[in-house]
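Everything on this sheet refers to the single structure shown next.
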Amino acid sequence: MSYLLTNYAENRLVGSPLSSTRTAIKQVCDYLHAHFATDVTLDQLSELAGLSRFHLSRVFRQEIGLSLTAYQTQLRISYAKKLLTEGMAIATVASLTGFYDQSHFGWQFKRRVGVTPGNYRETTVCRKTTSHAIS
């Protein structure tokens, strides 16, 4: 029956919309990973994905579980944690990860990680130093 419907029905689907949507979401994720520190607009992403802004926002949240903005912020925080672990200054980390200013960075970081960037840096750098001294 499915063979007959696929090959002979008048209103059959050409291609798989689900796979093309997943491909578009993957392209958007890859782009955000490469450009997380820059201000990426929804228009840029929708053009890249070949989807309307509203449809992209909807399917991205369904597939990834986060809004586009939350996903980009999560990428920024993840990279910031790496830089803080290396002992980099908080203001520099805020700038390199694309936050508006150090205050905005600190607020977002504490909201997502649970501690301030300074506390995070102190605890991770101390742990890193301690583990090197023990080795």
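Predicted model, so just to flag it, every value in this text is computed and none were measured.
- The CZ atom of Arg121 lies 11.5 Å from the CG atom of Leu83; values are rounded to the nearest 0.5 Å.
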| said: Using side chain to side chain contact (heavy atoms under 4.5 Å, CB included), reason through Val40 and Tyr31 one step at a time and then give a plain yes or no. | reply: CA-CA 9 Å; Val40 179; Tyr31 187 83; 3.8 Å; yes
| field | Derivation and outcome, side chain to side chain contact (heavy atoms under 4.5 Å, CB included), residues Thr69 and Leu42 | value | CA-CA 9 Å; Thr69 305; Leu42 184 54; over 6 Å; no
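- Put simply, the side chain of Phe109 reaches to within 4.5 Å of the side chain of Leu84, judged on heavy atoms.
- Around atom CD of Glu47, no more than 12 heavy atoms belonging to other residues, nucleotides or ligands sit under 6.0 Å away.
- Proximity of Pro117 to Val93: side-chain heavy atoms (C-beta onward) are nowhere separated by under 4.5 Å.
- Between atom CD1 of residue Ile64 and atom NZ of residue Lys26 there is a gap of 10.5 Å, rounded to the nearest 0.5 Å.
- Distance alone, capped at 3.5 Å, is enough to place a donor-acceptor pair between the Gln72 side chain and the Thr38 backbone.
- Classification of the Phe60-Tyr71 ring pair by plane angle, with boundaries at 30° and 60°, yields perpendicular.
- Using modelled atom types, no side-chain atom of Arg112 and backbone atom of Ile77 make a donor-acceptor pair closer than 3.5 Å.
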| Passes side chain to side chain contact (heavy atoms under 4.5 Å, CB included), Leu96 versus Met88? Steps please. | CA-CA 11 Å; Leu96 290 174; Met88 193 172 287; 3.6 Å; yes
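- Phe99 and Val115 fall within a single hydrophobic cluster, where Ile, Leu, Val, Met, Phe, Trp and Tyr are joined by side-chain heavy atoms under 4.5 Å apart, directly or via other members.
- Nearest heavy atoms, Asp39 versus Arg76: OD1-NH2, 3.8 Å.
- Rounded to the nearest 0.5 Å, atoms OG1 (Thr116) and CZ (Phe105) are 9.5 Å apart.
- Ser95 contributes no side-chain N or O that, together with a main-chain N or O of Ala91, makes up a donor-acceptor pair within less than 3.5 Å.
- Donor-acceptor pairing under 3.5 Å is lacking for the side chains of Arg58 and Gln62.
- Side-chain contact between Leu68 and Leu32 is present, with heavy atoms from C-beta onward closer than 4.5 Å.
- Shown here for Leu66 and Gln74, the closest heavy-atom pair between the two residues is CD1-OE1, 2.9 Å.
- Shortest non-hydrogen contact noted between Ser46 and Ser52 is CB-C, 4.0 Å.
- Residues Val113 and Lys81 come closest through the heavy atom pair CG2-CD, 4.1 Å.
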| message | With side chain to side chain contact (heavy atoms under 4.5 Å, CB included) as the criterion, how do Lys82 and Thr85 come out once you've worked through the C-alpha distance, each side chain's angles and the decisive distance to 0.1 Å? | response | CA-CA 5 Å; Lys82 179 182 178 282; Thr85 301; 5.7 Å; no
| What do the steps show when you test Tyr79 against His33 for side-chain hydrogen bond (donor to acceptor under 3.5 Å, both in side chains), and what is the final call? | CA-CA 10 Å; Tyr79 189 63; His33 277 269; over 6 Å; no
